[in-house]
Trainee: 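Below are the structure tokens for one structure; questions will follow.
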Amino acid sequence: MENYFICPHCRGHLKVGDRIIFRVRNQKKKCGLLLLSPLIGNYDSVKHPKFEYREGEPLDFYCPLCGHILSTSIDENLIFVVMIDDQDVEHNIYFSRIAGEKSTYQVTGDQVMATGEHSGKYTYFSMSDRFRQYLRR
Ligand SMILES: [Zn+2]
């Protein structure tokens with residue numbers, strides 16, 4: 001079984017081989033390519049050693065194809081991409097843009113699957129969109 005990852009804006013494929021490729025910008029406005037694992041819960045990353053950032057630094061993630069920032073209105077610290085599984089079902093994937101923070105959420109319709117040791121930080125993901133809109137009144 002193989003999952004694809006696409007940009008929510010241009011729907012271009014972000015996964016090449018066994019990595020998802022992002023254009024990333026650090027707080028010093030330096031850009032680099034960051035390669036992440038397509039396995040949810042695996043936080044291995046690959047980058048050039050000249051591209052540096054520190055633990056806890058917020059990084060800006062961009063689609064390397066269309067250049068659109070991969071942010072979401074849900075939380076300024078979350079990145080948003082779309083995963084398509086082998087059944088052709090689309091899942092919204094959110095993960096933290098804070099370096100070293102391990103929190104990933106797979107949202108499929110009303111269902112949320114949280115992964116990572118820091119996933120408790122964004123607790124509103126434990127409820128569905130439908131309930132969240134009532135809480136925001
Ligand atoms: Zn794109």
Side-chain angles (χ1 to χ4, degrees):
M1 87 171 225
E2 189 174 11
N3 294 333
Y4 296 118
F5 286 82
I6 62 169
C7 167
H9 306 283
C10 71
R11 297 188 69 85
H13 282 275
L14 301 173
K15 194 182 91 173
V16 175
D18 57 358
R19 294 285 174 179
I20 310 174
I21 302 176
F22 296 100
R23 177 171 169 254
V24 167
R25 192 174 68 166
N26 67 15
Q27 290 291 297
K28 290 177 181 159
K29 311 286 184 209
K30 289 258 189 289
C31 289
L33 293 173
L34 186 66
L35 282 58
L36 300 183
S37 169
L39 301 172
I40 289 177
N42 179 330
Y43 294 93
D44 289 348
S45 61
V46 181
K47 65 174 178 63
H48 193 277
K50 291 274 190 197
F51 177 60
E52 295 176 330
Y53 53 81
R54 55 184 167 70
E55 286 281 297
E57 182 168 342
L59 303 170
D60 295 323
F61 280 64
Y62 298 90
C63 170
L65 298 166
C66 71
H68 206 291
I69 192 160
L70 297 170
S71 59
T72 166
S73 58
I74 291 177
D75 192 297
E76 63 171 2
N77 284 333
L78 293 176
I79 303 301
F80 168 45
V81 293
V82 173
M83 182 177 83
I84 303 175
D85 68 19
D86 58 350
Q87 308 291 317
D88 236 21
V89 175
E90 292 197 12
H91 311 263
N92 289 356
I93 305 294
Y94 303 93
F95 62 94
S96 173
R97 71 188 189 101
I98 312 291
E101 195 173 271
K102 296 174 178 170
S103 41
T104 309
Y105 309 88
Q106 177 179 330
V107 179
T108 313
D110 261 3
Q111 292 206 310
V112 179
M113 197 174 77
T115 312
E117 61 188 275
H118 306 116
S119 61
K121 186 166 172 184
Y122 305 97
T123 49
Y124 43 74
F125 267 108
S126 58
M127 55 191 112
S128 72
D129 280 330
R130 196 182 301 162
F131 294 120
R132 205 180 302 148
Q133 76 185 33
Y134 294 116
L135 284 173
R136 279 216 177 139
R137 277 191 294 192

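Just so you know, ligand 1 is whichever comes first in the structure, and atom 1 is the first atom listed for that ligand.
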Trainee: Apply side-chain hydrogen bond (donor to acceptor under 3.5 Å, both in side chains) to N92 and list each qualifying residue two or more places apart in sequence or on a separate chain.
Mentor: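 N92: side-chain hydrogen bond (donor to acceptor under 3.5 Å, both in side chains) contacts with Y94.
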Trainee: Applying salt bridge (charged side-chain N to carboxylate O under 4.0 Å, His left out), name anything that partners E90, two or more places apart in sequence or on another chain.
Mentor: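 E90: salt bridge (charged side-chain N to carboxylate O under 4.0 Å, His left out) contacts with R11.
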Trainee: Restricting to under 2.8 Å, identify the protein N, O or S atoms around the Zn ion (ligand 1) as residue plus atom.
Mentor: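 C7 SG, C10 SG, C63 SG, C66 SG, with waters left out.
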Trainee: Just jot down the side chain to side chain contact (heavy atoms under 4.5 Å, CB included) partners of H13, sequence neighbours excluded, or say none.
Mentor: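 By the side chain to side chain contact (heavy atoms under 4.5 Å, CB included) rule, H13 matches Y4, I6.
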Trainee: Would you kindly confirm whether F61 and Y53 end up in one hydrophobic cluster when ILVMFWY residues are joined by side chain heavy atoms under 4.5 Å apart?
Mentor: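 Yes, one cluster joins them.
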Trainee: Distance-only, no hydrogens or angles: does the E2 side chain make a donor-acceptor pair with backbone N or O of D86 under 3.5 Å?
Mentor: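 Answer holds: no.
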Trainee: May I ask you to decide if E52's main-chain N or O and K30's side chain share a donor-acceptor pair within less than 3.5 Å?
Mentor: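 Pair absent, no side-chain N/O of K30 close to backbone of E52.
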